[in-house]
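This report concerns only the one structure given below.
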Amino acid sequence: MSSNREIHLASRPQGWPTADNFRLVDTEVPSPGPGQIVVRNQFMSVDPYMRGRMNDVKSYVPPFALDAPLDGGAVGEVVAGEADGIRVGDTVLHGLGWREYALVDGRSARRVDPDVAPVSAYLSVLGMTGLTAYAGLLDVAAMQPGETVFVSGAAGAVGSMVGQIAKLRGAGRVVGSAGSPAKVERLTALGFDAAFDYHDGPVRDALKAAAPDGIDVYFDNVGGEHLEAAIGAMNLHGRAAICGMIAQYNSAEPPAAPRNLALVIGKRLTLRGFLVGDHGDLRDQFVTEVGGWLREGRLSYDETIVDGIENAPEAFLGLLRGENLGKMLVRL
């Protein structure tokens with residue numbers, strides 16, 4: 001426990017990030033103080049929202065600091081220290097990824113049981129991404145049985161959960177978009193009623209063919225052309241849960257707004273942005289219901305795993321390029 005490696009933000013990206021924006025730094029393993037624990041991270045998460053934190057702009061979360069380690073969801077074993085309810089040998093979930101060893105305030109760590117599910121699942125299906133899908137679909141968009149649901153970025157960690165939860169909760173039809181034929185095939189295997197590759201032509205046309213009677217709920221992970229197409233396809237009183245807009249995260253130019261926003265008025269649509277942190281009250285319900293589906297074999301999840309802290313930047317860049325199926329994780 002004498003050597004620790006971290007990924008620091010070396011410079012702020014202009015447009016698409018590159019490997020030069022990151023730096024691998026050797027440090028010492030930290031020593032815990034009162035109420036602190038040292039965690040040997042086993043898995044860390046890379047997520048689209050992290051791209052926004054690389055910009056020095058005001059947002060709902062502070063930007064990453066230059067020449068300092070990035071952070072994000074991680075899970076690992078406690079190797080030193082002691083905190084209320086947490087001891088050496090416990091497995092905990094916390095927010096200090098992008099490093100092999102993390103010095104964590106015990107109050108910000110949550111014990112998880114590696115005997116219930118693989119530890120990586122607490123960063124995916126049983127973690128933030130799963131809760132994002134659950135809360136966004138059922139609370140924010142208030143999906144009702146029999147409705148038609150459209151999910152963009154549907155082969156990703158959140159989108160793949162949205163589609164399956166929609167079917168398990170009685171949606172009449174679920175449609176997903178993805179970025180390759182292999183991902184479209186995977187969505188069909190997961191139970192989506194229809195799926196299409198958005199590279200094959202205008203999203204508007206593909207969505208109309210997949211949902212000829214319109215859509216009632218849209219779960220947005222992409223923005224841009226997808227959001228415009230969804231607005232056009234929405235039925236009266238349709239609802240959209242706006243989770244992410246990855247299509248514009250790396251754009252150096254301001255995005256064109258959907259050109260059909262006036263339809264929101266006549267159709268009486270609801271477009272609602274949300275953050276998963278606002279829905280912690282649903283966590284127990286989420287774990288109970290989703291955990292039950294997992295045990296029964298009714299819900300599946302995918303993980304794309306990259307090995308080594310030194311490869312974390314490339315995993316993140318691969319995520320932005322859409323190279324992941326399901327949750328993108330780094331194994332440390």
Side-chain angles (χ1 to χ4, degrees), residues 48-49 51-52 57-61 131-154 156 158-159 161-163 165-167 169-179 192-196 198-251 253-279 282:
Y49 81 87
R51 175 61 187 87
V57 296
K58 185 177 181 180
S59 184
Y60 62 88
V61 63
L131 181 57
T132 299
Y134 189 89
L137 178 70
L138 302 178
D139 191 19
V140 178
M143 187 211 83
Q144 300 300 311
E147 292 188 318
T148 297
V149 177
F150 172 45
V151 188
S152 59
V158 173
M161 292 296 105
V162 173
I165 292 170
K167 292 298 292 184
R169 278 295 198 99
R173 185 169 181 80
V174 176
V175 176
S177 72
F192 283 68
D193 297 289
F196 61 86
Y198 62 83
H199 293 112
D200 289 345
V203 176
R204 177 189 65 247
D205 296 344
L207 181 56
K208 184 174 180 59
D213 296 324
I215 63 174
D216 304 295
V217 168
Y218 173 47
F219 195 104
D220 191 14
N221 291 304
V222 176
E225 183 187 3
H226 278 79
L227 178 56
E228 184 172 296
I231 290 171
M234 274 190 175
N235 297 322
L236 289 178
H237 303 291
R239 290 92 61 206
I242 312 297
C243 177
M245 294 192 175
I246 197 171
Q248 63 194 54
Y249 288 166
N250 299 304
S251 177
E253 300 296 328
R259 295 164 295 182
N260 57 353
L261 274 176
L263 293 177
V264 172
I265 303 168
K267 292 186 176 185
R268 282 83 93 195
L269 306 181
T270 299
L271 311 182
R272 181 181 168 192
F274 75 102
L275 300 176
V276 65
D278 296 334
H279 298 273
L282 291 176

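Basis for what follows: all heavy atoms, side chains included, without hydrogens, waters or symmetry-related copies.
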Which atom names give the shortest non-hydrogen contact between P212 and A209, and what distance separates them? CD-O, 3.7 Å
Sequence-distant partners of R204, side-chain hydrogen bond (donor to acceptor under 3.5 Å, both in side chains), two or more places apart: none
V174 versus A166, closest heavy-atom pair with distance: CG2-CB, 3.8 Å
Suppose we screen for side chain to side chain contact (heavy atoms under 4.5 Å, CB included). Which residues come up paired with A233, at least two apart in sequence or across chains? L207, I215
Considering only residues two or more places apart or on different chains, which pairs with a residue in residues 261-274 satisfy side chain to side chain donor-acceptor pair (under 3.5 Å)? none
Please list, chain by chain and in numerical order, all residues satisfying ring-ring contact (aromatic ring centres under 6.0 Å, His included) with Y198, sequence neighbours excluded. H226
H237: which residues meet the side-chain hydrogen bond (donor to acceptor under 3.5 Å, both in side chains) condition with it, sequence neighbours left out? none
Who are the side chain to side chain contact (heavy atoms under 4.5 Å, CB included) partners of A194, not counting sequence neighbours? R173, V175, A210
Under 3.5 Å donor-acceptor pairs involving side-chain atoms of residues 216-223, not counting sequence neighbours:
residue	atom	partner	partner atom	Å
D216	OD1	N235	ND2	3.1
D216	OD2	T148	N	2.8
Y218	OH	S152	OG	3.0
Y218	OH	D220	OD1	2.5
D220	OD1	S152	OG	3.3
D220	OD1	V222	N	2.9
D220	OD1	G223	N	2.8
D220	OD2	G223	N	3.4
N221	ND2	S152	O	2.8

V264: what forms a side chain to side chain contact (heavy atoms under 4.5 Å, CB included) with it, not counting sequence neighbours? L261, L269, L271
Would a 4.5 Å heavy-atom cut-off, applied to side chains only, mark S177 and V203 as touching? no
Any residue meeting side chain to side chain contact (heavy atoms under 4.5 Å, CB included) with N260, in chain and number order, not counting sequence neighbours: E228, I231, P258, L263
Using a 3.5 Å cut-off and no angle test, enumerate the donor-acceptor pairs between side-chain atoms of residues 134-142 and protein atoms at least two apart in sequence or in another chain.
residue	atom	partner	partner atom	Å
Y134	OH	Q285	NE2	2.7
Y134	OH	E289	OE1	2.5
D139	OD2	H279	ND1	3.1

From Y60 atom OH to D278 atom CG, the distance as rounded to the nearest 0.5 Å: 10.5 Å
Shortest non-hydrogen contact from F150 toward G176: CE1-C, 4.3 Å
